Q: 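Here it is, the structure, as C-alpha cells.
Chain letters run A, B, ... following the sequence lines, proteins first and then strands; every chain starts at 1. On a predicted model such as this, the values are computed, not experimentally measured, just so you know.
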There are 2 protein chains.
Amino acid sequence: MTSTGTRNGSPTLDEVAQLAGVSRATVSRVVNDSPRVSPEARLAVQAAVETLRYVPNRMARSLVTRRTDTIALVLSESNTQVFSDPFFASIVRGLSARLADTELNLVLLAARGAREQEKIGRYARQGHVDGVILMSLHSDDLLPDILAGTHLPLVLSGRPLDGRSIAYVDADNTGGAVAATELLLSLGRRRVATVTGPQDMVAGLDRYAGYRAAVERSGGRVDPDLIAAGDFTEAGGMRAMTELLSRAPDLDAVFVASDPMAVGAVQALRAAGRRVPDDVAVVGFDDAAVAATSDPPLTTVAQPLGEMTALMVELLLDQIESGERSVEARVCDTSLVRRASA
Amino acid sequence: MTSTGTRNGSPTLDEVAQLAGVSRATVSRVVNDSPRVSPEARLAVQAAVETLRYVPNRMARSLVTRRTDTIALVLSESNTQVFSDPFFASIVRGLSARLADTELNLVLLAARGAREQEKIGRYARQGHVDGVILMSLHSDDLLPDILAGTHLPLVLSGRPLDGRSIAYVDADNTGGAVAATELLLSLGRRRVATVTGPQDMVAGLDRYAGYRAAVERSGGRVDPDLIAAGDFTEAGGMRAMTELLSRAPDLDAVFVASDPMAVGAVQALRAAGRRVPDDVAVVGFDDAAVAATSDPPLTTVAQPLGEMTALMVELLLDQIESGERSVEARVCDTSLVRRASA
DNA sequence: GGACGTCGTGAGAACGCTCTCACGACCGGA
DNA sequence: TCCGGTCGTGAGAGCGTTCTCACGACGTCC
C-alpha cells in the first residue's frame with residue numbers, strides 16, 4: 001500500500017491537508033482558528049477534518065507550545081477520607097465549573113504516602129500539567145517541597161504550614177472560629193468545649209487557635225478537659241464528643257471544627273441524653289450541605305467556597321500566563337450562619 | 001551567548017549528553033535502562049543527570065512511543081456525590097495501590113453534564129491517556145458512546161446499561177441482593193421492603209432485580225408499597241425509609257441497596273421508634289467501613305473490591321499491551337456479612 | 001504605472017525524544 | 001591469519017505539531 005489515508009493510528013495534520021488540498025500550515029491555522037485563512041480554505045479544511053475525524057495530537061502540540069492546557073488538583077492525603085469530606089467535593093465542583101468554559105482540563109491526583117507523592121511530583125515535573133493546586137496538606141507532606149523545587153505554577157488551598165512562601169488561598173479559619181466561640185459565649189454558655197480538627201493540618205490548627213483566642217479574650221481560661229481532637233470525619237466527631245462528655249459532663253456548648261464532625265457530635269450528645277441546643281449548644285464549621293439538613297439544622301461558619309475556588313484558579317492562571325511563580329496570598333472572610341443548633 | 005547549559009527551560013537529553021561526553025542515544029539508553037551500555041558511560045550519564053536535575057520530557061517521549069503511561073479513572077457523574085460514596089473511595093484506593101509499583105500514573109477525571117463529558121472525551125482522544133476506566137455510569141451518559149468510537153482501551157466498572165459490548169468488571173449485584181433478601185425471608189420476616197438505588201444505574205437496577213427475584217421465588221408477591229427509591233446517599237436512605245414507614249407501617253425487614261443508605265434508614269427507623277433488628281431487620285450492600293462501625297453494626301453484602309480493581313487494571317493493561325479492544329466481562333461473587341442488624 | 005502594504009499561503013525548521021542502522025573494536029574458532 | 005559474532009556507540013531519521021519566513025497576488029496611493 002502506498003501512503004493511504006487509512007492507517008492504523010489517528011489521522012494527522014498532513015493527511016487532512018492532503019484531502020483538503022492545502023498545506024499543513026493552513027490546516028493548523030484553521031484548527032487553531034487563526035483569522036488569516038480564506039473562507040474557501042477554511043471550509044475545505046473543516047470538511048476534511050470532519051470526514052477524517054481528525055483530532056490534534058496533544059503530545060506533538062505540547063512539545064512545541066510547551067503548554068498542556070491541563071491543571072492538576074492534587075490531594076495530598078494519606079487516607080482516602082478526603083473524598084468523603086464535603087469540603088473537598090465543593091472545591092472540585094467549584095474548580096471544574098470555573099474551568100468549564102475555558103480550554104483547560106482538570107485532573108485529580110491522589111497521593112497516599114511518600115512513594116506516591118514522589119510519583120505525582122514526577123508526573124507534574126515531566127510536563128503533564130501547566131500548574132497545580134495542592135489541597136488538604138498535612139505537615140509531613142513532601143509535595144510542597146518537591147514542587148517548590150520546580151518552576152511549575154503552584155497554588156495551595158490553605159496557608160502553608162511551615163511558613164514557606166507559596167501562593168495560597170485560604171479562609172479566615174481563625175476568625176471564623178473566634179466568631180463561633182464568641183457566639184456560644186454570648187449565649188451565656190459557661191463551659192464551651194471544642195472538637196478540633198487534625199493538628200497537623202492548617203485548618204485544624206487555626207480553628208483551634210481561634211477557639212482559644214476567643215475563650216481567653218472573654219476572660220475565661222482554656223480548660224484541657226474541654227478539648228478533644230477529631231479528624232474531620234463524622235465518626236471522629238462522635239468519638240471526640242463522647243470523650244468530652246466523660247471528661248467534662250458539665251459542658252454546655254461545643255465548637256466543632258467541621259460539619260461532618262458536628263453531625264457526629266450531635267449524635268453522641270443525643271446518645272448521652274443531652275438536648276441540642278437546650279442542654280448543649282453546637283456550632284460547626286464549613287456550612288456543608290449536611291449542616292442545613294441535619295437535625296437540628298446546624299449553626300455553622302460558612303466559607304465563601306465559590307470565591308475561594310475562583311481565586312485559586314485566578315492565581316494559578318496568572319502564574320501560567322506570566323511564567324512566573326507568585327507568592328500572593330488571599331484570605332477570605334467567613335460568616336456565621338445561624339440555624340437551630342446554637 | 002552560545003548554546004550554554006543554563007537555558008530558561010529544563011535541560012534536554014542533548015545537554016546531558018554533552019556534559020557526560022556521550023551521544024544523545026547513549027543517554028536515552030541509560031535513562032530507559034537498556035542493558036547495552038558500558039558501566040563507565042552509565043556512570044557518567046547518571047552523574048550528568050544528577051547535576052542537571054534532568055527530567056525527561058514526557059511529551060517528546062510520548063510523541064514517539066505513542067504511550068503516555070497514564071490511565072484515567074473517569075467518574076461520569078452529574079453531581080459530586082460520588083465522592084462521598086465510600087465505594088468510590090475504595091476503588092480509587094484499590095487502583096492506585098495496584099498501580100503503585102508500576103510505571104503507570106492514575107488521573108481522576110470528573111464529569112458533570114454533557115459539556116464536561118465531551119471535554120473529557122476530547123481529553124482522552126487527544127492522547128493524554130493510554131486507557132480509561134469508566135465508573136458510576138448512568139443511563140444517559142455520553143462517555144461510553146464517545147469513547148467507544150475511539151480505539152482507546154476501555155474498561156467499565158459495572159455492566160454497561162445498554163448491552164453494548166465493552167469490557168467490564170462487576171460484582172454479582174443481583175446475586176448479592178437475592179442472598180440478602182433471602183436471609184431476611186429466612187429469618188421469618190413476612191413484610192420485606194427495599195430501598196433501591198437510582199434506577200438509571202446498573203447497581204441500582206440489579207440490586208432491585210435481585211430483591212424482586214428473591215421475593216417472587218419465595219412465593220410472595222412484590223408489593224409496590226414496600227419499595228422506595230434512594231440515591232445511594234445517607235440522606236436519601238433516610239428519606240426513602242421514612243416514606244416506606246408511612247406507606248407500610250407493618251414492614252418488618254428492609255433490604256437497602258447501599259450501606260450509606262442503610263445508615264440513613266436505621267436513623268429513620270429509630271426516629272420512628274422501631275428497634276433494629278428486633279422490629280425491623282436491615283441488610284445493606286457494599287460492606288463499606290461504616291457498616292462495621294454503625295450502631296447496630298450492619299449486616300451487608302460484601303463485594304471483593306480488591307479483586308475487582310485488580311481485574312479492571314488487568315483487563316485494561318491487556319488491551320493496552322495488545323493494542324486491541326477486548327469485550328471481556330468479569331463478574332465477581334459477593335458474600336453476605338452477618339452482623340447485628342439482621 | 002510604479003512603489004508599497006496587506007493578505008493568504010506554503011516550505012521548512014524547530015520541539016525533545018526514541019530507535020534503527022551502521023560502524024569500529026574486540027573476541028573466539030578455524 | 002582470517003572470518004564471523006557480539007558489544008558499545010553515534011549518526012540520523014522520524015514522531016505530529018507550531019511558527020517564522022518568504023513569496024506571489026492583490027489592492028491603494030501618489
Q: Between the opening five pairs and the closing five pairs of the helix from dG1(C)-dC30(D) to dA30(C)-dT1(D), how far apart are the helix axes, to 10°?
A: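 Axis angle across the helix from dG1(C)-dC30(D) to dA30(C)-dT1(D), nearest 10°: 50°.
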
Q: How many whole angstroms separate atom CG of N57(A) from atom P of dC15(C)?
A: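 So the two atoms are 18 Å apart, to the nearest Å.
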
Q: Contact class for R58(B) (heavy atom, under 4.0 Å): base, sugar-phosphate, or nothing?
A: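 Since no nucleic acid heavy atom lies under 4.0 Å of R58(B), the category is nothing.
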
Q: Among dT17(D), dG10(C), dC15(C), which nucleotide sits nearest the side chain of A25(A)?
A: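 Among the listed nucleotides, the one closest to the side chain of A25(A) is dG10(C).
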
Q: Indicate, with a heavy-atom threshold strictly under 4.0 Å, whether N32(A) touches base, sugar-phosphate, or nothing.
A: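 Sugar-phosphate contact only.
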
Q: For DNA chain D, whose closest nucleotide is more 5', that of G21(B) or that of L63(B)?
A: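 Its nearest nucleotide lies further toward 5', so the answer is G21(B).
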
Q: Would you say the side chains of R58(B) and N105(B) form a donor-acceptor pair under 3.5 Å?
A: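 On atom types as modelled, these side chains do not qualify, holding no pair under 3.5 Å.
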
Q: Between dG10(D) atom C1' and Q18(B) atom CD, what is the distance in whole Å?
A: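 Between C1' of dG10(D) and CD of Q18(B): 15 Å.
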
Q: Which of the following nucleotides, dG16(D), dC7(C), dG8(D), is nearest to the side chain of R36(B)?
A: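 Nearest to the side-chain atoms of R36(B), counting from C-beta on, is dG8(D).
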
Q: How many Å lie between CZ on R61(B) and P on dC17(C), as a whole number?
A: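 It works out to 9 Å between those atoms.
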
Q: The side chain of R66(A) is closest to which nucleotide in this list: dT18(D), dC15(C), dG10(C)?
A: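 Shortest atom-to-atom distance from the side chain points to dC15(C).
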
Q: How close or far is atom P of dT17(D) from atom CZ of R67(A), stated in whole angstroms?
A: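 Atom-to-atom, R67(A) to dT17(D), this comes out as 19 Å.
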
Q: Got a sec: does the CZ of R164(B) have more than 12 other heavy atoms crowding it under 6.0 Å?
A: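 Check passes, neighbour count above 12.
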
Q: Where do P160(A) and Y168(A) come nearest, in terms of heavy atoms and distance?
A: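 It is CD-CD2, 3.3 Å.
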
Q: Is the closest side-chain donor-acceptor distance between Q117(A) and D141(A) under 3.5 Å?
A: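 Distance-only check passes for Q117(A) and D141(A).
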
Q: For the side chain of V37(A), counting heavy atoms from C-beta on, which of dC17(C), dC19(C), dT9(C) is nearest?
A: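 When the side chain of V37(A) is considered, dT9(C) is the closest of dC17(C), dC19(C), dT9(C).
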
Q: State whether R330(B) and E314(B) are salt-bridged, where the test is any N-O pair (Lys NZ or Arg NE/NH1/NH2 against Asp/Glu carboxylate O) under 4.0 Å.
A: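 Between E314(B) and R330(B) there is a salt bridge, with a charged N closer than 4.0 Å to a carboxylate O.
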
Q: Roughly how many Å is it from CD in E15(A) to C1' in dC15(D), rounded to a whole number?
A: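 Rounded to whole Å, this separation is 13 Å.
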
Q: Given atom CG of D14(B) and atom P of dG10(D), what is their separation to the nearest angstrom?
A: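 About 12 Å, once rounded to whole Å.
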
Q: Just verifying a value: how many Å separate F87(B) CZ and M308(B) CE, rounded to the nearest 0.5 Å?
A: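 The CZ atom of F87(B) sits 5.0 Å away from the CE atom of M308(B).
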
Q: Under 4.0 Å from OP1 or OP2 of dT9(D): is there any side-chain N or O of S23(B) that close?
A: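 Checking dT9(D) against S23(B), no side-chain N or O comes under 4.0 Å of OP1 or OP2.
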
Q: Toward the 5' end of DNA chain C, which comes first, R29(A) or R24(A), by nearest nucleotide?
A: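 Final value for this comparison: R29(A).
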
Q: Go through dC17(C), dT9(D), dT17(D) for me and flag the one nearest to the L13(A) side chain.
A: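 Output: dT17(D).
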
Q: Nearest-Å distance, NE2 (H128(B)) to P (dT17(D))?
A: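 Result: 13 Å.
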
Q: For the side chain of T26(A), counting heavy atoms from C-beta on, which of dT17(D), dG16(C), dT9(C) is nearest?
A: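 Among the listed nucleotides, the one closest to the side chain of T26(A) is dT9(C).
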
Q: Does D69(A) reach the main-chain N or O of E103(A) with its side chain, forming a donor-acceptor pair under 3.5 Å?
A: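 No, D69(A) side chain to E103(A) backbone: no donor-acceptor pair under 3.5 Å.
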
Q: Counting side-chain heavy atoms from C-beta on, which of dG8(D), dG8(C), dT18(C) comes nearest to S28(B)?
A: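 Of dG8(D), dG8(C), dT18(C), dT18(C) is nearest to the side chain of S28(B).
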
Q: Of the nucleotides dT18(C), dT17(D), dG8(C), which has the atom closest to the S38(A) side chain?
A: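 The answer is dG8(C), which lies nearest to the side chain.
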
Q: Is any side-chain heavy atom of D130(A) closer than 4.5 Å to one of T70(A)?
A: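 Answer no - side chains too far apart.
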
